[in-house]
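Since the structure comes first, as structure tokens, the remarks are kept for the end.
The sequence lines fix the lettering, A, B, ..., with proteins before strands; numbering per chain opens at 1.
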Amino acid sequence: MEKEKYVSIIYRGQPHQSLAQSRPITASSASAMAKLTRSFEFEVKPLPPYDFRLTIKKPAGWSLFGPAEIYEDETLWTVTNIDGALVGVKFSSKGTIENPRVLVRVFLKKKPARAEKERLKRLLAQAIGADQDLRQFYSVAKRDKILKHVIGDLYGMHDTFSPNIFSEAVLAILLQMAPLKRSTTMMASFIDVYGEVANFDGKRIKAWPTSRRMAGVSIGELKRTCNMGYRAKSIVKLAKRLEAGDFPTVEQLKDMDPARAKERLLELPGVGDYSADIVSPQGGFPIDVWSVEVFGKLFFRKKPTNNRLAIERVKKEGLKRWGKWAWMAFFYVVQDLGNLSRKLGIKLRLA
DNA sequence: GCGTCCAGGTCTACC
DNA sequence: GGTAGACCTGGACGC
């Protein structure tokens, strides 16, 4: 597999410390293999500025849809699960930052119906942030004493989201109350044991396990196979809740008022305030005991004396300063910590 | 070698 | 409604 995936912080789209560094995710022969032989292609013209590389392969190592995806020569091969179907996708950049064009080829097991095909086109374009207009954010950011430093470094980086709520929520749950190394080990086991291998376009990529699959696994088995401890219960309950079929889709969550979307996400087992801010396709301000140190230093110029106790204060300050742009501000800052450290003369620790 | 602490939160019983 | 404690596990640390 490739990848330095999981670099430092893991939030949207599975990131942080390289899973690859802890345990490679490979297409093992024991895994179920799905050949995705039907394909179609379309072109997306994202709103400029759009930097394909920064958007698809974030500087902090966040992956787009999953940790085992492959990036080579301005092209990304990745896999996700939409409505229970495995979907392989190849994104290729054909344009420039000011005149962006992205060629998207979608691989499926079966030929899609016309409506399904149109939905996939819409969803995948949204997922890579094609309809996101950065101009308003930039006009606010250039007057902000922190953000003015990052928008230059990351000019044209769009926010992206995974079309799959289950994988995002599982990621959030596995990050809870565990050192990064343990989280990445649990994730790697989870994908290795229960993930399906997608075979398309000459690539073999392991996908996140689906809620359908995990709803049929016992808590005891999941604890045993992936050493997840109490988190196994949340993941099985989460899978069953999503399989009940009455939970909003990613598109529906994206169209809701952000507060309402978060409210719905908080209904999910194992998803609290922090996890909902990670899982929401609209983002939040996900302050935890790691990021509280970074933002505490940025806001108050000093490291919190007690990270856990400082979370509420730092989160409140971020939301007060940046309001509806809090997620974009968080997103840009954590992708640019090295440069920001140098420019502000503050040591911002990478996890 | 052994005991204790705590880590990228969430849930719940209890007041 | 607010909050203290429990929850798996394993690495770091002190002794």
Rounded to whole angstrom units, what separation is found between the [atom1] atom of [X] and the [atom2] atom of [N]?
X	N	atom1	atom2	value
A:Phe295	B:dG8	CZ	P	16 Å
A:Met187	B:dG8	CE	C1'	10 Å
A:Asn306	B:dG8	CG	C1'	15 Å
A:Leu309	B:dC6	CG	P	12 Å
A:Arg308	C:dA4	CZ	P	14 Å
A:Met186	C:dT9	CE	C1'	8 Å
A:Glu312	C:dT3	CD	C1'	12 Å
A:Asn307	B:dA7	CG	C1'	11 Å

Expected rows: protein N/O vs nucleotides 10-12 of chain B N/O, under 3.5 Å:
unit_1: B:dT10; atom_1: OP1; unit_2: A:Gly272; atom_2: N; d: 2.8
unit_1: B:dT10; atom_1: OP1; unit_2: A:Gly272; atom_2: O; d: 3.4
unit_1: B:dT10; atom_1: OP1; unit_2: A:Ser275; atom_2: N; d: 2.9
unit_1: B:dT10; atom_1: OP1; unit_2: A:Ser275; atom_2: OG; d: 2.6
unit_1: B:dT10; atom_1: OP2; unit_2: A:Asp273; atom_2: N; d: 3.3
unit_1: B:dT10; atom_1: OP2; unit_2: A:Tyr274; atom_2: N; d: 3.3
unit_1: B:dC11; atom_1: OP1; unit_2: A:Gly270; atom_2: N; d: 2.6

Q. How far does the P atom of B:dG8 sit from the matching atom of C:dG2, given to the nearest Å?
A.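 My reading of the P atoms in B:dG8 and C:dG2 gives 28 Å.
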* Sticking with atom P, work out how far C:dC8 lies from B:dA13, rounded to a whole angstrom. =>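 Looking at atom P only, C:dC8 and B:dA13 are 14 Å apart.
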### Query
Looking only at side chains, do A:Glu74 and A:Ser92 share a donor and an acceptor under 3.5 Å apart?
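No - no donor-acceptor pair under 3.5 Å links their side chains.
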What stems show up for DNA chain C when you take Watson-Crick pairs (N1-N3 plus N6-O4 or O6-N4) and G-U wobbles (N1-O2, O6-N3), both under 3.5 Å, and require three or more consecutive pairs?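 So the stems come out as B:1-7 with C:9-15, B:9-15 with C:1-7.
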- For the atom pair CG (A:Asp159) and CE (A:Met328), what is the distance rounded to the nearest 0.5 Å?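 Rounded to the nearest 0.5 Å, the CG-CE separation comes to 5.5 Å.
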For this session: To the nearest 0.5 angstrom, please state how far the OG1 atom of A:Thr160 sits from the CD1 atom of A:Ile56.
Result: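 A:Thr160 atom OG1 to A:Ile56 atom CD1 measures 7.0 Å (nearest 0.5 Å).
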(message) I need the single residue from A:Leu124, A:Asn81, A:Ile205 that forms a side-chain contact (heavy atoms from CB on, under 4.5 Å) with A:Phe65. Which is it?
(response)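 It is A:Leu124; the other options fail the test.
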Please determine whether a side-chain nitrogen or oxygen atom of A:Arg182 lies at a distance below 4.0 Å from atom OP1 or OP2 of B:dC6.
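Looking at the OP1 and OP2 atoms of B:dC6, neither is under 4.0 Å from any side-chain N or O of A:Arg182.
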field: Under-4.0 Å side-chain N/O to phosphate OP1/OP2 contact, A:Asn227 with C:dG10
entry: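 Indeed, a polar side-chain atom of A:Asn227 lies that close.
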### Query
Closest to the A:Pro179 side chain: B:dA7, C:dG11, C:dC8?
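Closest nucleotide among those given: B:dA7.
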| message | Apply ring-ring contact (aromatic ring centres under 6.0 Å, His included) to residues A:Phe107 and A:Phe40 and explain how you reach the verdict. | response | CA-CA 7 Å; A:Phe107 299 84; A:Phe40 67 91; 9.3 Å; no
Checklist line | Ring centroid separation A:Phe137 to A:Tyr332 under 6.0 Å | finding: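 Yes; A:Tyr332 has its ring centre under 6.0 Å from that of A:Phe137.
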Walk me through whether A:Phe331 and A:Trp322 qualify under ring-ring contact (aromatic ring centres under 6.0 Å, His included). CA-CA 12 Å; A:Phe331 172 56; A:Trp322 293 323; over 10 Å; no
How close do A:Val279 and A:Ile165 get, counting heavy atoms only, and between which atoms?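 Heavy atoms only, the tightest pair is CG1-CG2, 4.1 Å.
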- Query: Would a distance-only check, ignoring hydrogens and angles, find a side-chain to backbone donor-acceptor pair under 3.5 Å from A:Ser280 to A:Ala276?
  - Reply: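 No: the side chain of A:Ser280 does not pair with the backbone of A:Ala276.
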